Amino acid sequence: MAHRAIPRAVLLGVLLWATQAASEAPTWPGTTPLRFEVIGAPGGLVDFAPRELSNYLSAAIGVPVVVENRPGAGGNIAAGVVAKAEPDGHTFLVTSTNQAVNPTLLPNPGFDYGRDLVPVSMVVASKLLLVASPSFPAKDINDVIKIAKQNPKSVSIATPAIGSPNHLAAEMLAQYGNVDLLIVPYDVITKALPDVMGNRVNLAVGSMSALLPQVRSGALKALAVISPQRSPLAPEIPSSVEAGLPELQIDNWICIMGTGGTPAPIIARLDEEIAKALALPEVRDAFTKQGVEIFYMNSQQLGEFLHAEAARFSSLLEHSRVKGALQ
């Protein structure tokens, strides 16, 4: 009978050890799931980023990570939920350029962007592409500026929501090129493509992932990457800096924010785990396939970046030259 007792004893010991280990294992503050409140609808980049990170973060912090989409009001619906949440490490915001532009564009959201939301991590960025109809007589940004100066307010440009990186890029092109442009708004940039292809709208600004396939097929003409550097996804397309407009640069970036008053150790822990996840080859590959680049910043770096971008965008919007944009 002894040979039966030994396995039972071993099994009992394993169960006792597992129970003790589970009780001693560190978990995220409490066992309540961590929730990411996302400013966009399912399917976009701002939604993809937290979903790609969620499984890795859940395994690291020991609680489920839930992604909740709250689009609308220029990102203020999701931001308001996080700003007014308990600062207990259970609720975080996944946002984009809205975090730096909304204090100017939407100054009274019912909370304070600087006080009620705190930086956690910058995650990824997508370069923007300026394109034109193949029949539009411009081969680069300088040609666009020349045409717009010869015929004021005649050049139209499609962008999605006011305050989006696409819209801000159009504002920069107008201001730094010293021209007036006519904005044509669309819900999403993909809806504008048939009009741009047919030259009913002359230009468009959008993400590389949205526009590059049409450029490759010849349906659209690429004029520049709105960035200091060329994109590794399309190294043949010149940057806006190469066109002599070094101020014309903006990325569509995604960052994580927490509720104001969240304890610093919680912010630091989540930032650390996000950095670890972004360093994983499989995560980097997943983002590369989406046409985006890792653009990690820690909490302090992100805070400094947001402060600088908010000042830049405030000045940009104060001197808007894209007609129809802010009326």
Side-chain angles (χ1 to χ4, degrees), residues 97 101 104-105 126-186 189 192-208 210-212 214-215 218-231 233-252 309 311-327:
T97 317
V101 72
T104 295
L105 195 62
S126 172
K127 284 183 169 54
L128 297 179
L129 191 61
L130 177 67
V131 299
S133 164
S135 60
F136 183 67
K139 64 180 183 300
D140 55 31
I141 290 180
N142 290 319
D143 283 349
V144 171
I145 294 171
K146 181 179 179 181
I147 293 169
K149 285 184 175 180
Q150 289 174 341
N151 299 284
K153 303 179 184 178
S154 66
V155 177
S156 57
I157 184 166
T159 77
I162 301 303
S164 67
N166 315 55
H167 162 242
L168 296 174
E171 290 284 358
M172 290 176 189
L173 175 59
Q175 289 189 31
Y176 304 139
N178 194 28
V179 295
D180 289 333
L181 300 175
L182 178 64
I183 194 170
V184 183
Y186 291 83
I189 199 63
L193 298 188
D195 288 337
V196 180
M197 292 174 188
N199 203 28
R200 292 181 290 276
V201 178
N202 307 131
L203 309 171
V205 178
S207 67
M208 297 287 290
L211 300 183
L212 196 55
Q214 284 71 31
V215 171
L220 291 173
K221 176 169 52 179
L223 301 181
V225 177
I226 309 301
S227 176
Q229 303 88 24
R230 298 191 181 202
S231 169
L233 299 175
E236 74 280 8
I237 301 174
S239 71
S240 50
V241 171
E242 293 176 70
L245 292 172
E247 307 95 337
L248 178 55
Q249 52 179 284
I250 185 172
D251 290 329
N252 182 16
E309 289 293 86
R312 185 165 74 113
F313 297 153
S314 176
S315 176
L316 187 74
L317 292 171
E318 182 181 353
H319 302 92
S320 175
R321 294 185 61 130
V322 180
K323 303 306 176 183
L326 300 177
Q327 284 78 10

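Computed from a prediction, not measured in an experiment: that's the story for all the values here.
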Quiz prompt | Sidechain N-carboxylate O distance under 4.0 Å for R230, E242 | solution =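 So R230 pairs with E242 through a salt bridge.
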Side chain to side chain, [X] and [Y], heavy atoms closer than 4.5 Å:
| X | Y | result |
| --- | --- | --- |
| L220 | M197 | yes |
| I147 | P137 | yes |
| F136 | V201 | no |
| S239 | Q229 | no |
| D251 | T97 | no |
| V179 | V144 | no |

Quiz prompt | Test side-chain contact (heavy atoms from CB on, under 4.5 Å) applied to I183 and H167, step by step | solution = CA-CA 9 Å; I183 194 170; H167 162 242; 3.8 Å; yes
For the residue pair [X] and [Y], what are the closest heavy atoms and their distance?
| X | Y | value |
| --- | --- | --- |
| I189 | P160 | CD1-CD, 4.0 Å |
| N166 | S207 | ND2-N, 4.4 Å |
| Q249 | P246 | NE2-O, 2.6 Å |
| L223 | A132 | CD1-CB, 3.9 Å |
| T104 | S314 | OG1-CB, 3.3 Å |
| Q175 | H319 | NE2-O, 2.9 Å |

Quiz item: Who pairs with D143 by side chain to side chain donor-acceptor pair (under 3.5 Å), at least two apart in sequence or on another chain?
Solution: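 Applying side chain to side chain donor-acceptor pair (under 3.5 Å) to D143 gives K139.
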Self-check item: Sequence-distant partners of Y186, side chain to side chain donor-acceptor pair (under 3.5 Å), two or more places apart
Solution: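 Here the qualifying residues are D195.
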Atom pair [atom1] ([X]) and [atom2] ([Y]), whose distance is rounded to the nearest 0.5 Å:
| X | Y | atom1 | atom2 | answer |
| --- | --- | --- | --- | --- |
| S227 | L129 | OG | CG | 11.0 Å |
| K146 | D140 | NZ | CG | 10.5 Å |
| S133 | L203 | OG | CG | 9.5 Å |
| M172 | E247 | CE | CD | 10.0 Å |
| I141 | L173 | CD1 | CG | 6.0 Å |
| D180 | N151 | CG | CG | 12.5 Å |

N/O donor-acceptor pair under 3.5 Å between [X] side chain and [Y] backbone:
| X | Y | result |
| --- | --- | --- |
| N199 | P134 | no |
| K153 | A148 | no |
| S156 | N202 | yes |
| S240 | L248 | yes |

Practice problem: Take I157 and L182, measure what side-chain contact (heavy atoms from CB on, under 4.5 Å) needs, and give me the verdict at the end. | Solution: CA-CA 6 Å; I157 184 166; L182 178 64; over 6 Å; no
Self-check item: Verdict with reasoning, F313 to L105, per side-chain contact (heavy atoms from CB on, under 4.5 Å)
Solution: CA-CA 9 Å; F313 297 153; L105 195 62; over 6 Å; no
Quiz prompt | CA sep, side-chain torsions, deciding dist, call: Y176, E171, side-chain contact (heavy atoms from CB on, under 4.5 Å) | solution = CA-CA 8 Å; Y176 304 139; E171 290 284 358; over 6 Å; no
Self-check item: Among L193, V205, L130, V196, side-chain contact (heavy atoms from CB on, under 4.5 Å) partner for L211
Solution: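 Going through the options one by one, the only one that passes is L193.
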